[in-house]
Structures are given as structure tokens and as C-alpha cells.
There are 2 protein chains.
Amino acid sequence: MSTVSRTFSAPHLVNAETRTRVLAVAEELDYRPNRAARSLKTGRTNNIGLIVPDLANPFFSSLIKAAQAAARRQDYHLFVADTDENPSEEEELILAFSKQVDGIVLCGPRLSNKALEKLSESVSFVLVNRLIRGLTTVVMDVAHGARVAMEHLAGLGHRRVALVTGPAGSWTSGEIRRAVAEIPGLDAVVIGPNPPTEEGGIAAAARVAEAGVTGVLAYNDLLAIGIIEGLEALGVDVPGDVSVIGFDDSATGRLYRPKLTTVAMPAGAAGRMAVDLLIQSMSAATVLETHLVVRDSTAPPKGTA
Amino acid sequence: MSTVSRTFSAPHLVNAETRTRVLAVAEELDYRPNRAARSLKTGRTNNIGLIVPDLANPFFSSLIKAAQAAARRQDYHLFVADTDENPSEEEELILAFSKQVDGIVLCGPRLSNKALEKLSESVSFVLVNRLIRGLTTVVMDVAHGARVAMEHLAGLGHRRVALVTGPAGSWTSGEIRRAVAEIPGLDAVVIGPNPPTEEGGIAAAARVAEAGVTGVLAYNDLLAIGIIEGLEALGVDVPGDVSVIGFDDSATGRLYRPKLTTVAMPAGAAGRMAVDLLIQSMSAATVLETHLVVRDSTAPPKGTA
DNA sequence: GTGAAAGCGCTAACAG
DNA sequence: CTGTTAGCGCTTTCAC
């Protein structure tokens with residue numbers, strides 16, 4: 001019995017010939033170790049939980065895809081769940097997962113620092129795009145992305161711009177806002193918080209139009225596209241009258257017309273890293289780079305040419 | 001000890017007052033039942049596996065989102081995995097999941113009927129968009145969608161059309177092809193199989209252009225968009241020279257310019273139903289309706305107006 | 001309505 | 001290198 005156990009979980013401890021025999025019989029009997037029993041004994045599950053605000057958001061899809069692949073390579077399975085941008089659901093999910101996983105990758109958490117610190121006592125987790133001292137994190141350098149985006153607009157001649165922020169409680173949204181506020185000599189009006197969706201953008205478009213700006217940086221591509229849709233419905237041309245930049249470099253933005261200028265975010269890399277950190281139970285604070293992809297939704301302001 | 005157990009898994013068997021006391025102490029001790037131990041004893045896990053060909057495909061994202069919500073409502077957790085369109089990976093995943101879930105939702109499986117029937121002896125699963133006698137299935141009426149799409153093209157005056165099919169092994173792709181072949185008096189050239197991605201579409205565009213057709217029905221929106229991109233790169237205007245229809249009604253297609261005419265697919269409903277069927281361990285063959293959404297990528301052929 | 005006891009399938013000392 | 005043994009935390013008869 002122990003020999004069988006060892007054959008599966010520590011093959012090097014068993015004679016090669018015996019091992020082959022065990023494997024052969026296992027195959028014949030269609031035997032596979034029961035993971036529940038193994039977890040019960042070892043306390044480890046070989047499962048990872050992944051919690052995101054919105055499963056349907058393409059940014060998180062890429063992240064999940066990469067995370068799943070990374071987990072699978074190391075014989076881990078991935079639970080996924082969606083909080084619907086709802087902090088209390090987030091907490092419930094963490095609790096529900098906690099006994100069933102070795103750790104949780106929490107993406108764009110909306111819970112407070114305090115709540116997160118408290119929870120981290122009972123489950124180990126890796127935070128993606130949220131920075132809390134003492135917790136393992138993978139963040140993207142959105143501040144840099146925001147600065148480059150604003151420089152791009154300034155370089156084109158834009159002087160008065162809008163920052164259309166994302167959900168309240170989003171760390172990246174706050175970072176972007178902070179970075180923009182610190183750019184010397186920039187006149188940026190802040191519009192938000194907004195739901196990070198196309199609808200959110202359409203709703204924000206009126207406020208953008210009223211703000212009398214010629215450039216817009218939006219929290220993500222979906223929001224940016226919504227803004228463009230809303231603006232065009234109001235008779236404002238993009239990029240003729242107003243330039244718009246998003247975040248994420250999503251396929252939707254790339255295929256949209258005008259092709260969206262956007263800050264590329266390494267979603268896949270983040271998913272992969274988070275899973276790897278969790279499995280190696282390393283603590284670290286990793287910063288991933290971002291860069292601007294200039295396409296057709298930005299141009300010099302009217303009257304410049 | 002048993003009383004505590006009963007308090008959590010069969011509360012009605014325990015005195016209301018005792019129950020309250022147990023719950024209070026549990027709360028204080030931060031106690032939550034260990035699911036691994038429970039599974040070990042009961043043989044049930046309260047977990048469901050969900051396997052899709054591509055996690056990053058928005059069609060599957062919607063399906064997953066709905067499936068997760070349905071599972072969560074019934075206190076089930078969802079494992080997800082991505083086969084990368086690879087049948088052998090699909091089989092491995094099924095096997096890897098089998099001991100850890102009560103059932104598997106298999107979306108757009110690429111394995112053979114025989115392999116699937118064999119596997120169904122050791123795990124219970126629900127098939128989405130694949131019809132096999134005796135297995136529980138949720139399929140979308142893509143044949144109807146294809147017919148309506150072709151009627152739409154015919155109604156606009158198109159006589160010679162192309163059907164750009166999806167991956168080999170895809171049941172929906174086969175269904176669409178069959179349905180199209182059976183439409184009387186329709187001259188349809190079949191181009192495929194193709195990977196169901198934008199790149200696949202770009203690659204297929206040349207063959208579409210050579211085929212001398214004025215209308216195209218593509219396996220999904222991604223492929224349709226790729227075809228449009230490829231066609232326009234070749235100087236062919238959509239819908240001026242060629243009309244294009246996709247399948248899925250994805251956000252990307254809705255936002256793309258020209259706004260894509262497409263066959264709407266009830267991805268969310270399918271995910272929800274599949275999970276519900278699995279949990280109720282019902283066997284059934286459910287057919288979900290599809291409908292055509294006419295937008296801007298279709299128009300009468302040149303010289304008709 | 002509650003407690004006592006057995007056992008789910010595995011792993012991890014430990015002895016041989 | 002292999003076998004023996006105890007026990008992970010729960011559920012489920014079976015008594016009471």
C-alpha cells in the first residue's frame with residue numbers, strides 16, 4: 001500500500017521494477033489516487049483559487065488563460081470565480097475557497113486593505129494589481145503607463161485633458177489618478193468613478209464633452225470605447241475633435257475603429273507570475289512593465305495642423 | 001461531534017437551540033467544515049469542472065461567467081481549464097478532473113464520439129454544443145441560425161456565397177455545414193477547416209477573395225472579423241463588395257466597424273443550463289434557440305441597387 | 001435529539 | 001527498498 005502511494009507521490013523512493021509493476025496494475029485497474037484523501041492527510045490540495053471582478057472582461061480572460069496554463073504545468077488545478085465587482089461577494093468567495101485551495105490569486109480586489117490583511121491570516125494569497133505592504137503582490141506599472149499616455153497627448157499638442165477613472169476601490173485606478181495629478185503643468189479634469197464597461201463609457205461621454213477637453217485617458221479599453229461611442233453620438237469626432245486613450249491593449253480595442261491607442265498591460269504575465277509565486281510560496285513585490293501602443297484614436301487637437 | 005456535523009449538513013435534524021449554540025461556537029472558533037474530509041466520506045465533492053477549447057475566446061467567457069454564477073448559487077465551486085483546441089489535452093484534463101469533481105461541463109469537445117462515450121463511464125458530464133445519443137447535452141440550434149443567415153444573404157440578392165468553417169472536430173461547424181448544404185438552390189463554397197480566430201480569418205480571406213463570392217458566413221465572429229480585415233487589406237470592401245456574417249454576437253463584433261451582422265448564440269444560458277443539469281444529475285437533450293442580428297456588415301451585392 | 005464508533009483513501013513515521 | 005500502523009476530519013449507522 002505504501003509502495004503504491006510512493007509510486008505516485010515520490011517515485012524515486014521505489015525500485016524501478018516495482019514501480020513499473022505498480023503502474024501497470026494501476027493502469028489495468030484504472031486506478032488514480034484520490035486527491036481528497038491525499039489533501040486530508042497532507043493538508044495540501046494542489047488547487048489554486050482565482051478571483052476576478054468580472055470573468056467576461058477580456059483583460060481577465062487573458063490573465064486566467066495564462067494562470068490556468070501555469071497551474072496545469074505544475075499539476076495544480078484552478079478554481080475560478082467572479083465577484084461581479086462586489087466586495088462582500090469577494091470576501092465570501094475567499095472564505096469559501098480557503099479550505100479547498102493552497103492559495104488564492106486575487107485580481108483587482110475591491111476589499112479594503114484592512115479586510116485583506118485580516119483575511120491573509122487564514123489563507124495565503126497573491127494580489128494582482130493591488131499593493132499592500134507585507135503581502136505578496138504582482139502589479140503593473142500603470143503610473144508609468146499613464147505618464148507616457150499623457151506625454152503622448154501633450155506631445156500632440158493637447159493642453160486640457162480628462163482622466164476617466166474606473167471603479168472606486170480599484171488600486172490601478174487610484175494609481176493612475178495619482179500619477180496624472182503629479183504631472184507638472186497638466187490640466188486634467190477627473191471624471192469618475194465609473195463602471196469599467198462600455199456602458200460606463202457611454203454614460204461618461206456627456207461629462208467628457210462638457211468638460212471642454214481635447215484628450216481623454218480612460219481606465220480601460222472598454223470604457224474608452226464607450227466614451228468614443230458616446231462622443232460620436234453627440235457629434236464629437238474621435239480623433240478629430242477629441243483624442244482617446246485606453247488601458248489594456250485588448251483585442252476589442254485593436255479591432256475597433258478608430259483603432260484604439262492604449263497602454264498595453266501584461267495580463268498573461270501577471271497571471272502566470274501570480275500562480276508561480278503562490279506555488280513556490282514566495283513572497284515578493286513584483287512590478288511588471290507597461291507600454292503605450294499608439295494607434296488611430298489619438299491625433300493633434302483641432303487647429304494645430 | 002456528530003451534532004456539529006449535522007448542524008452543517010442536515011440542520012433540521014438538530015434541536016434549534018443546540019444548533020444556535022453550535023453555530024455561535026463555530027463562529028467564535030472560525031470553524032468551517034473541511035470539504036476534503038467530507039468528500040472522502042461522502043464521495044461527493046461539490047465541485048464541477050468546466051473545460052473549454054479557449055479561455056480567451058469571449059464566447060466561452062460569457063459561458064463561464066454564467067456557469068460560475070449558477071454553480072455558486074448552489075454552493076458548488078468551478079474548476080476551469082483550457083484545452084488549447086487540443087483533443088489529447090482534453091482527455092488528460094477530463095481524467096485529471098474526474099476524481100475531484102462531481103461532473104464536468106465539456107464545451108465544444110474535439111474528442112471523438114467513441115472517446116467521449118468511453119470517458120463518460122468514469123465521469124458524468126454534460127456536453128455543450130455536441131450531440132451524442134445517450135449523453136446529456138445542451139446544444140444551440142446553429143443549423144437554424146445558418147439557414148436564417150443564408151436567407152438573409154439570399155434576400156439581399158446574393159447568389160454565390162462562401163461558408164468559412166471552424167475547427168475540425170467541432171460539432172457546430174459540422175452542423176452549420178450540413179444545414180447550408182441542404183438549402184435548396186444555394187451555391188455555397190466551403191472554405192475550411194480554420195482556427196476560430198482573427199488570424200484564421202485573415203488567412204482565409206485570400207481564398208474567399210479567389211472564390212468569387214459576394215457573401216460569407218463564418219464559423220464565429222472572430223473569424224468573420226479576420227476575414228473582413230483580410231479582405232479589406234486586399235482592397236475588397238465590406239459590405240460594398242462582399243457581405244460577411246459571423247456567429248456569436250460578441251461584444252467585439254458589435255463594436256467592430258462595420259458593425260457585424262451575426263447569429264446570436266445563447267452562451268450564458270448554455271453555461272447555466274449545463275451546470276444545473278449536472279447538479280440535478282438529470283439527463284436531457286436541450287436545444288437552445290439562436291437568432292440573426294442584422295447590422296452593417298451585410299448589404300445587397302454590387303449592381304443590385 | 002444526541003453521542004459513540006467505524007471507516008472513507010491516503011501519507012508518513014517507523015521498523016525491518 | 002518495502003511493509004505496518006496510526007490518523008487526517010468528516011459522515012453515518014447504531015444505540016440510547
Side-chain angles (χ1 to χ4, degrees), chain A residues 1-49 74-77 79 94-103 121-124 279 281, chain B residues 1-49 74-77 79 94-103 121-124 279 281:
Chain A
M1 189 159 167
S2 347
T3 300
V4 175
S5 171
R6 279 188 282 259
T7 305
F8 285 96
S9 39
H12 58 281
L13 291 179
V14 52
N15 184 308
E17 197 195 324
T18 320
R19 199 194 318 157
T20 324
R21 234 170 64 232
V22 170
L23 256 17
V25 178
E27 169 80 1
E28 193 184 321
L29 267 42
D30 209 24
Y31 169 87
R32 351 195 82 236
N34 178 325
R35 288 177 96 129
R38 179 182 288 177
S39 319
L40 188 54
K41 184 69 199 170
T42 62
R44 293 176 52 265
T45 61
N46 265 42
N47 292 151
I48 289 179
Q74 304 172 66
D75 196 31
Y76 274 71
H77 292 312
F79 282 112
I94 294 172
L95 260 16
F97 275 172
S98 63
K99 277 292 162 53
Q100 220 170 171
V101 299
D102 295 338
E121 291 164 15
S122 42
V123 215
S124 78
I279 293 176
S281 39
Chain B
M1 188 164 167
S2 347
T3 301
V4 174
S5 171
R6 279 188 280 257
T7 304
F8 285 95
S9 40
H12 58 281
L13 293 179
V14 53
N15 183 308
E17 198 194 325
T18 319
R19 196 194 319 155
T20 325
R21 233 168 65 230
V22 170
L23 257 16
V25 178
E27 168 80 0
E28 193 183 320
L29 266 43
D30 211 23
Y31 169 87
R32 353 194 82 235
N34 178 323
R35 289 175 97 133
R38 178 181 290 176
S39 317
L40 188 53
K41 188 67 201 174
T42 61
R44 293 176 54 262
T45 61
N46 265 44
N47 290 151
I48 289 178
Q74 302 171 69
D75 197 31
Y76 273 72
H77 291 314
F79 282 112
I94 294 173
L95 259 17
F97 274 172
S98 63
K99 277 290 161 55
Q100 219 172 170
V101 299
D102 297 336
E121 290 164 13
S122 44
V123 215
S124 78
I279 294 177
S281 38

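Note that this is a predicted model, so its numbers are computed, not measured.
Among residues two or more places apart in sequence or in another chain, the ring pair (Phe, Tyr, Trp, His ring centres under 6.0 Å) test is passed with F97(B) by H77(A), F79(B). Residues passing the side chain to side chain donor-acceptor pair (under 3.5 Å) test with S39(A), sequence neighbours excluded: none. Scanning for side chain to side chain donor-acceptor pair (under 3.5 Å) contacts around N47(A) gives Q100(B), with sequence neighbours left out.
Distance CD (Q100(B)) to C1' (dG9(C)): 14 Å, rounded to an integer number of Å. Summarising the geometry, the separation between CG on N34(A) and P on dC8(C) is reported as 12 Å, rounded to the nearest angstrom. For the pair K99(B) NZ and dC10(C) C1', the interatomic distance rounds to 12 Å; values are reported in whole Å. Here dT2(C) presents its P atom at 9 Å from CD of E17(B), a figure rounded to the nearest Å. A straight line from CG of L29(A) to P of dG9(C) spans 13 Å, rounded to a whole angstrom.
The two atoms that bring R32(B) and S98(A) nearest to each other are CD-OG, 4.5 Å, heavy atoms only.
Rounding to the nearest 0.5 Å places CZ of R6(A) at 7.0 Å from CG of L13(A).
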Name every donor-acceptor pair, under 3.5 Å, that has one atom in a side chain of residues 15-22 of chain B and the other anywhere in the protein, sequence neighbours excluded.
residue : atom : partner : partner atom : Å
N15(B)  : OD1  : E17(B)  : N            : 2.7
R19(B)  : NE   : P11(B)  : O            : 3.4
R19(B)  : NH2  : V14(B)  : O            : 3.4
T20(B)  : OG1  : A16(B)  : O            : 2.6

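In this structure the side chain of F8(A) reaches within 4.5 angstrom of the side chain of L23(A), judged on heavy atoms.
Backbone-only engagement by T18(B) is indicated by non-hydrogen atom pairs under 4.0 Å involving sugar-phosphate atoms exclusively.
If L40(A) and L13(B) are placed on DNA chain C by their nearest nucleotide, the residue sitting closer to the 5' end is L13(B).
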Problem set entry | Summary of protein contacts for nucleotides 11-16 of chain D, nucleotide by nucleotide, where a base hit scores B, a sugar-phosphate-only hit scores S (4.0 Å, heavy atoms) | BB----

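Side-chain atoms of D102(B) come within 3.5 Å of backbone N or O of N46(B) as a donor-acceptor pair.
Overall bending of the helix from dG1(C)-dC16(D) to dG16(C)-dC1(D), expressed as the angle between end axes built from five pairs apiece, is 30° (10° steps).
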